[in-house]
Amino acid sequence: MSSQSGIEQLVKQVDGLSFDAIAEKYQNCHPEINPFDLYRAHLSNVLGDITGVDTSIIYPNLQWTLSLDKGDMVLAAPSLRIKGKKPDELVQEWVQKFPDNDPLFEKPTAVSYFLSFFVKGVPLIQSVIPMIRSFGPEYGRNKFLGLRDPKDPSSGKKRIIVEFSSPNIAKPFHAGHLRSTIIGGFLANLYDGAGWDVIRINYLGDWGKQYGLLALAFNKYGDEEALRNDPINHLFQLYVRINSEMTAEKETIEKKKADGEDVTALEAHSLDEQAREYFRKMTDRDPGAVAQWKRFRDLSITRYQDTYARLNIHFDEYSGESQVSEAAMDAIGKEMEEKKICKEDKGAQIVNFAELVPGKEGKRLERPIVRKRDGTALYLTRDISELLNRHEKYKFDKMIYVVASAQDLHLKQLFKIIELLGHKEIAGKCTHINFGLVLGMSTRRGTVKFLDDILRDVADKMHETMRKNEDKYKQVENPEAVADTLGISSVMVQDMTGKRINNYTFNMEAMTSFEGDTGPYLQYAHARVSSIKRRAGLTDEEIASADLSLLTETHAVNIVRLLAQYPDTVQNTLKTLEPTTVLTYLFKMTHALSSSYDHLQVVGSERELMKARMALYDAAHIVLGNGMRLLGLSPVNR
Ligand SMILES: NC(=[NH2+])NCCC[C@H](N)C(=O)O
């Protein structure tokens with residue numbers, strides 16, 4: 001018997017509803033892929049009879065609990081808005097009326113005005129384990145959520161742009177870029193799993209006078225071979241060198257000026273001026289200047305791509321500030337003037353929000369410049385043009401900017417200008433996903449951190465830790481690669497542990513520990529279930545034919561209760577957009593797993609019991625792997 005259809009039969013009998021009928025009845029309800037949707041639908045029916053409240057009001061008010069001891073679902077009586085009776089009395093009455101022999105739930109318990117519901121282990125296990133096995137990597141994905149019309153599969157996918165990472169060429173890949181990369185990669189996976197058409201864009205900082213300066217530096221001190229071998233570091237070194245030269249030059253000029261000397265000639269030939277001229281050549285599309293700049297850009301991208309690949313991240317488009325056309329910005333500039341969104345101020349064009357947006361909001365948005373006195377466009381101007389251009393090109397339904405909270409104001413200004421331009425609808429599709437700082441990030445190699453350096457340092461640290469256990473170390477086939485993966489997991493899990501907006505301290509010791517809720521711990525938990533499977537040596541057919549009624553222990557039931565929550569957890573994450581929602585779930589699950597091993601021995605148990613327990617652990621292995629991959633981690637098996 002396919003237990004999934006088994007439980008469908010059950011619900012049909014009890015509630016007179018098929019999966020289709022349930023899905024039709026409630027919004028975003030998909031009992032065939034989310035066990036909790038079925039349980040909610042059934043419970044709504046039962047409670048509908050008892051309370052006299054319409055099931056469509058009950059359904060969305062069945063909340064989940066923070067821990068299993070509080071039940072699997074909870075209902076706050078006041079949420080049903082029944083007049084004339086005290087909620088705690090109502091709750092007592094409902095407990096009385098709840099059927100003694102409900103097929104899916106135990107009799108609820110009442111705590112003040114809450115009703116807690118506990119699912120029955122047997123039907124849950126019988127349905128959820130086969131469901132996880134049959135969906136495998138698809139368990140937790142829900143392709144319906146991203147449909148234009150959730151009830152009509154032919155309606156097409158909604159499209160989302162996730163813009164993330166967005167480092168600046170020739171400058172350090174700092175903590176803000178690291179967080180953007182991790183969080184953005186995760187959000188892209190999340191929407192992809194929810195059936196959206198996801199477009200990943202990296203918006204590089206690759207344009208401006210500083211790239212004119214960089215070209216000068218390369219012409220003076222550049223080394224072809226160094227550029228090809230390690231473009232990111234070489235360009236950065238050149239950039240640092242020329243910048244300090246420029247600073248020194250500026251000081252000399254200032255000093256001479258103070259001494260009353262004529263500095264006109266010096267200024268005219270200064271590096272600053274040369275950089276400006278060079279950048280002018282770039283914006284005028286001088287072939288030589290553009291070709292040189294393009295090489296720097298292309299070589300840097302190639303190198304970034306390698307690093308992104310280690311993090312399981314790819315981009316559909318490497319956009320960047322350089323890709324915004326001057327003509328488009330001119331046109332927008334004119335439009336802004338005509339619509340009186342910007343105005344002249346000491347030769348520059350500024351947006352005085354206080355005059356455009358009433359109240360405190362207008363003041364808070366300040367007075368950004370969109371065009372400098374010398375005619376150059378700015379960061380904000382480029383973003384305005386780029387946003388409209390992306391909408392034109394991709395016709396997106398939603399766009400997410402994953403950028404540090406240090407740029408909160410910038411993005412608010414951007415979205416408001418788009419709105420003032422008359423594109424309220426487009427502005428409404430855009431969201432800024434922000435995040436806090438990483439404190440105390442430094443490497444053993446010095447103060448400047450490129451992503452590669454960080455990852456190498458953490459991998460070294462992991463390798464050191466692994467070596468401490470000589471026996472286990474010898475069993476690992478490719479220790480370098482495993483250390484690398486564990487290092488990456490350490491960094492990513494530490495980053496995703498708190499809410500995005502919180503700052504955290506980069507702590508190499510803590511993040512690489514196998515104890516506590518860390519990346520290595522999660523990897524260890526995954527490797528441990530993998531090893532049980534290897535040692536049990538059962539075939540997939542044997543596991544599939546296991547008699548699941550042998551799983552009677554509380555530990556087994558609790559693991560399955562958690563496994564059943566996974567699709568719901570993912571769906572809830574689409575609301576929170578917080579990686580920690582998934583991570584917290586995974587730690588809860590790994591804790592339940594690790595405390596179960598002493599009670600649910602696999603190897604050494606009698607054969608039928610071994611098969612049943614293996615089916616349980618195999619399901620946990622699938623869910624843990626799915627969750628880790630959703631976060632962007634690569635689960636290890638040893
Ligand atoms: N559309 C945007 N402005 N995205 C954010 C870009 C981040 C920028 N390159 C920086 O490093 O600060």
Side-chain angles (χ1 to χ4, degrees), residues 160-185 187-188 199-211 214 232 235-236 239 243 293 296-297 300-301 303-304 307-308 313 315-325 328-329 332 351 365-366 368-370 376-394 396 398-419 421 423 426-427 429-438 441 448-451 454 500:
I160 183 170
I161 293 181
V162 183
E163 186 220 272
F164 65 110
S165 197
S166 308
N168 305 319
I169 286 173
K171 293 197 204 157
F173 190 106
H174 56 65
H177 301 126
L178 177 67
R179 295 210 73 185
S180 173
T181 308
I182 294 171
I183 296 167
L187 291 174
I199 296 177
R200 296 158 165 89
I201 294 185
N202 196 331
Y203 183 69
L204 298 171
D206 59 356
W207 203 240
K209 199 178 75 186
Q210 65 270 37
Y211 297 97
L214 183 67
I232 291 175
L235 291 175
F236 175 64
Y239 189 72
N243 259 300
W293 160 85
F296 296 164
R297 182 182 198 266
S300 301
I301 290 178
R303 187 50 58 92
Y304 281 135
T307 311
Y308 290 134
I313 284 170
F315 289 94
D316 300 294
E317 186 185 320
Y318 281 85
S319 161
E321 293 178 44
S322 65
Q323 306 301 301
V324 184
S325 88
M329 284 191 291
I332 280 291
V351 181
L365 287 168
E366 300 183 4
I369 302 177
V370 283
T376 40
L378 288 125
Y379 184 51
L380 179 60
T381 330
R382 292 183 203 293
D383 260 326
I384 299 168
S385 230
E386 169 81 2
L387 190 160
L388 294 173
N389 184 37
R390 282 182 200 166
H391 194 261
E392 186 72 29
K393 181 170 172 190
Y394 291 111
F396 56 78
K398 198 175 168 70
M399 174 152 69
I400 287 179
Y401 290 82
V402 190
V403 186
S405 57
Q407 296 192 29
D408 281 357
L409 179 62
H410 170 76
L411 286 141
K412 284 206 178 88
Q413 292 169 338
L414 169 63
F415 299 161
K416 187 50 91 180
I417 290 172
I418 298 294
E419 198 183 309
L421 279 165
H423 305 297
I426 301 179
K429 294 175 179 177
C430 299
T431 312
H432 176 202
I433 292 292
N434 58 1
F435 50 81
L437 305 169
V438 185
M441 204 161 104
V448 175
K449 320 109 220 159
F450 285 95
L451 182 53
I454 301 164
R500 291 186 326 256

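Just the heavy atoms: all of them, side chains too, but no hydrogens, waters or symmetry mates, feed the values below. Numbering of ligands and ligand atoms starts at 1, following listing order. Just so it is clear, the model here is predicted, and its values are computed rather than measured.
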F296 and Y239: ring pair (Phe, Tyr, Trp, His ring centres under 6.0 Å), yes or no, with the steps? CA-CA 12 Å; F296 296 164; Y239 189 72; over 10 Å; no

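- Using a 4.5 Å heavy-atom threshold, the side chains of L187 and I160 count as separate.
- Atoms of ligand 1 found under 4.0 Å from any heavy atom of Y401 (numbered from 1 in listed order, with element): 1 (N).
- Under 4.0 Å from ligand 1, not a single heavy atom of E386 appears.
- For atom 6 (C) of ligand 1, the nearest protein heavy atom (residue, atom name, distance) is Y379 OH, 3.3 Å.
- Within the 4.0 Å heavy-atom cutoff, H177 counts among the residues contacting ligand 1.
- You'll find the side chain of V403 reaches within 4.5 Å of the side chain of E163, heavy atoms only.
- Using cut-offs of 30° and 60° on the angle between ring planes, the pair F396 and H391 is perpendicular.
- Those atoms of ligand 1 with a heavy atom of N168 less than 4.0 angstrom away are 8 (C), 9 (N), 10 (C), 11 (O).
- Atoms of ligand 1 found under 4.0 Å from any heavy atom of Y203 (numbered from 1 in listed order, with element): 1 (N), 2 (C), 4 (N).
- In this pair, Y379 and H410 present their aromatic rings parallel. The plane angle is below 30°, not in the 30 to 60° band.
- Close N/O approach between D383 and ligand 1 is found [any backbone or side-chain N/O within under 3.5 Å].
- Checked by distance only, ligand 1 and S166 come closer than 3.5 Å through their nitrogen or oxygen atoms.
- Taking a 4.0 Å cut-off on heavy atoms, Q407 registers as neighbouring ligand 1.
- Annotation: cation-pi geometry satisfied between R390 and Y203 (NZ/CZ under 6.0 angstrom from ring centroid, within 45° of ring axis).
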Would you check, one step at a time, whether the test side chain to side chain donor-acceptor pair (under 3.5 Å) holds for N202 with Y304? CA-CA 11 Å; N202 196 331; Y304 281 135; over 6 Å; no

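- Considering backbone and side-chain atoms together, E163 places an N or O closer than 3.5 Å to an N or O of ligand 1.
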